[in-house]
Amino acid sequence: MPELSHGRRMLVLAICCMSLLIVSLDNTVLNVALPAMQREFHASTSGLQWTIDAYTLVLASLLMLAGSTADRIGRKRVFMAGLVVFTLGSLLCSLAPDLSWLVVFRMVQAVGGSMLNPVAMSIITNTFTDRRERARAIGAWGAVVGISMAAGPLVGGLLVESVGWRSIFWVNLPVGLAALLLTWRFVPESRAPKARRPDPVGQLLVIALFGSLTYAIIEAPHAALPVIAPCAAVALVALLALLMYEPRRREPLIDLRFFRSAPFSGATVIAMSAFAALGGFLFLSTLYLQNVRGLSALDAGLGMLPMAVPTFVCAPLSGRVVGSRGPRLPLLIAGAAMTASGLLFALFEAETSNVTLFVGYVLFGIGFGFVNAPITNTAVSGMPTAQAGVASAVASTSRQLGQALGVAVIGAVLAAGVGSSSYADAFVPAARPGWWILAACGLAVLLVGALTSGRWARGTAERTAERLESAEIRQPAGAGA
């Protein structure tokens, strides 16, 4: 990629952030609309879980393929294709005649979304080559998540109340088209110096692992053991096959050598834990505010602002701290705040009091605001630039898989706890194990962040990058599977 002027780099960053905005906004807006969808389609809790997880599962399954494909055939080309498919999928979602078709169209959306976030991050990584400037750019990227969380509940609530839940997908259409035109005009094409070959076997194993595992978790409260056990077995076999097959390939879908870097491995665990907490938190909150407290979609959106606003404020602050002092402090703040929030709900039933509900939301918003920038920065900073697409795709996959598992596990726990009881009466005690799980996720962020952000961990990242680069130089072009 040619060196761009400062103004052009800022424009490229803004265009990439537009793609993140529509993908992130779609998740937060959708959560507010869940009760309205539930009423129209007479959906169960597992049906609501699938409207979210069908998207995140397909996204998680295809992110690494999209990242490596973009590095191979051109990032701009794949990014533009993603914008077209995502925008088309949004239109189809708004026309869905029933829940089954909505789930299918959400999967179409996800195919497009898989070509957006990791590819956009790869474009940013290759556009901003200075370490500090890149950290600030990633901080701005993370702030977009805060914007989506702040705007999503309000926009979603307003649209659901005034027009209907289908209108939440219309928001993506003008933003997607504008981003497509701006990308075509201003974003330069780039690709990795050495193309990576496709890995269809690895891709199928990833899909089998993610899909079967999530299905087993979501359907566990309702389906019989003979249905769940084979899914769990498929997930286990797919995982073992990945661990045995991928190291044998010269250019694998998942380069397991990345995980020799302690910061990269830590970023993967932190991403899964933090986004599992986010998925579960949003799922519990929107159902409680609307189905238990009886708030309208707009009032529920306003009620979630104490979580959204701190995220919006803290995300760019976290990016600046990462750029100047490294990722350790933001990770410690994030883990402590998210753990405290989960414990407040688990121990003191914070949702039953307006004061404790407000404090719990603020704490979670602070924690999530601080966690995103260090994840992204750590995942890509220790890797060779030529493999930025794959490295950022692994980080993005960890986020999406974490969110899918968070919704699956917390939803399954909630469904099992409520059972056939009155939803309003049973919700708070049924949700308590879920809050304990969210507190554990926050504790994982705290502990893993502390362990993998020190000097020793940075040394493993440098050694891993050197080995990866030297291995690429030494290995003959025809070697490997």
Side-chain angles (χ1 to χ4, degrees), residues 17-43 45 47-52 54-55 86-106 108-109 112-113 144-179 278-279 281-312 351 354 357-358 361 365 407 423-424:
C17 286
M18 289 175 70
S19 73
L20 177 63
L21 178 63
I22 57 176
V23 173
S24 300
L25 192 66
D26 198 66
N27 278 332
T28 53
V29 168
L30 181 67
N31 272 277
V32 175
L34 286 178
M37 295 177 182
Q38 186 178 38
R39 289 190 295 270
E40 179 171 335
F41 293 141
H42 307 289
T45 299
L48 297 181
Q49 290 172 272
W50 279 117
T51 62
I52 298 174
Y55 178 85
F86 185 87
T87 305
L88 176 62
S90 299
L91 177 61
L92 292 174
C93 285
S94 71
L95 302 174
D98 55 40
L99 186 67
S100 298
W101 278 110
L102 178 61
V103 171
V104 171
F105 294 149
R106 287 280 289 164
V108 174
Q109 260 192 315
V144 174
V145 177
I147 294 172
S148 70
M149 289 191 67
L154 282 177
V155 172
L158 183 62
L159 289 174
V160 171
E161 287 295 304
S162 60
V163 184
W165 66 263
R166 296 176 187 275
S167 61
I168 65 175
F169 296 105
W170 299 344
V171 177
N172 299 330
L173 305 184
V175 179
L177 290 174
L278 174 67
F281 195 99
L282 292 176
F283 191 79
L284 288 176
S285 294
T286 190
L287 292 179
Y288 174 77
L289 292 175
Q290 295 188 60
N291 289 351
V292 179
R293 286 205 171 191
L295 299 181
S296 67
L298 179 58
D299 289 338
L302 291 170
M304 294 172 71
L305 278 180
M307 175 188 63
V309 172
T311 301
F312 172 67
E351 62 266 51
N354 287 334
L357 181 70
F358 178 85
Y361 277 13
V407 173
Y423 197 85

Residues A297 and V32: closest non-hydrogen pair is O-CG1, 3.6 Å
Closest non-hydrogen contact found for T87 with G176 is OG1-CA, 3.6 Å
Rounded to the nearest 0.5 angstrom, the CG-CD1 distance for L173 and I22 is 9.5 Å
Sorted by chain and number, sequence neighbours left out, side chain to side chain contact (heavy atoms under 4.5 Å, CB included) with S296 holds for E161, L298, D299
**T311 side chain vs G365 backbone, donor-acceptor pair below 3.5 Å** = yes
- Message: Treating S162 as the side-chain partner and L158 as the backbone partner, does any N or O pair qualify as donor plus acceptor under 3.5 Å?
- Response: yes
Y55 side chain reached by V23 side chain, heavy atoms, under 4.5 Å | yes
Inset, instruction - Applying side-chain contact (heavy atoms from CB on, under 4.5 Å), run through L102 and W50 and close with a yes or a no. - result: CA-CA 10 Å; L102 178 61; W50 279 117; over 6 Å; no
| said: Please check this pair: side chain of R166 against backbone of A96, looking for a donor-acceptor N/O pair closer than 3.5 Å. | reply: yes
Could you check whether any side-chain heavy atom of S94 comes within less than 4.5 Å of a side-chain heavy atom of L91, counting everything from C-beta outward?
yes
query: Any side-chain heavy atom of F169 within less than 4.5 Å of one from F105?
result: no
Would you say the side-chain atoms of E351 pair up with the backbone N or O of Y288, donor to acceptor, closer than 3.5 Å?
no
Rounded to the nearest 0.5 Å, the CE atom of M304 sits from the CG atom of L357 at a distance of 10.0 Å
Is there a donor in the side chain of T286 and an acceptor in the side chain of Q290, or the other way round, less than 3.5 Å apart?
yes
On a heavy-atom basis, the closest approach of L34 and T51 is CD2-OG1, 3.5 Å
If you apply the rule side-chain contact (heavy atoms from CB on, under 4.5 Å), what do you find for W170 with V163, and how did you get there?
CA-CA 11 Å; W170 299 344; V163 184; 3.7 Å; yes
Worksheet item: Are the side chains of L305 and L154 in touch, meaning some heavy atoms are under 4.5 Å apart?
Response: yes
One should read off an interatomic distance between N31 CG and S285 OG, to the nearest 0.5 angstrom, of 9.0 Å
Between G164 and S167 the two heavy atoms that sit nearest each other are O-OG, 2.6 Å
When every non-hydrogen atom of L289 is compared with those of R293, the smallest separation belongs to O-CB, 3.3 Å
When you look at L99 and E40, which way does the side-chain contact (heavy atoms from CB on, under 4.5 Å) test go after all the steps?
CA-CA 9 Å; L99 186 67; E40 179 171 335; over 6 Å; no
> Under 4.5 Å between any side-chain heavy atoms of L95 and W101, yes or no?
Replying inline: no
Residues Q109 and G89: closest non-hydrogen pair is CG-C, 3.5 Å
- How far apart are the C-alpha atoms of L48 and L287, what are their side-chain angles, what is the distance that settles it, and do they pass the side-chain contact (heavy atoms from CB on, under 4.5 Å) test? CA-CA 10 Å; L48 297 181; L287 292 179; 4.0 Å; yes
- Task: Answer whether the closest heavy-atom distance between the side chains of F86 and V108 falls below 4.5 Å.
- Result: no
CD1 (I52) and CZ (R106) are apart, to the nearest 0.5 Å, by 7.5 Å
For the CZ atom on F41, are there more than 12 heavy atoms of other groups (residues, nucleotides or ligands in this structure) within a distance under 6.0 Å?
yes
Sorted by chain and number, sequence neighbours left out, side chain to side chain contact (heavy atoms under 4.5 Å, CB included) with V29 holds for L25, I168
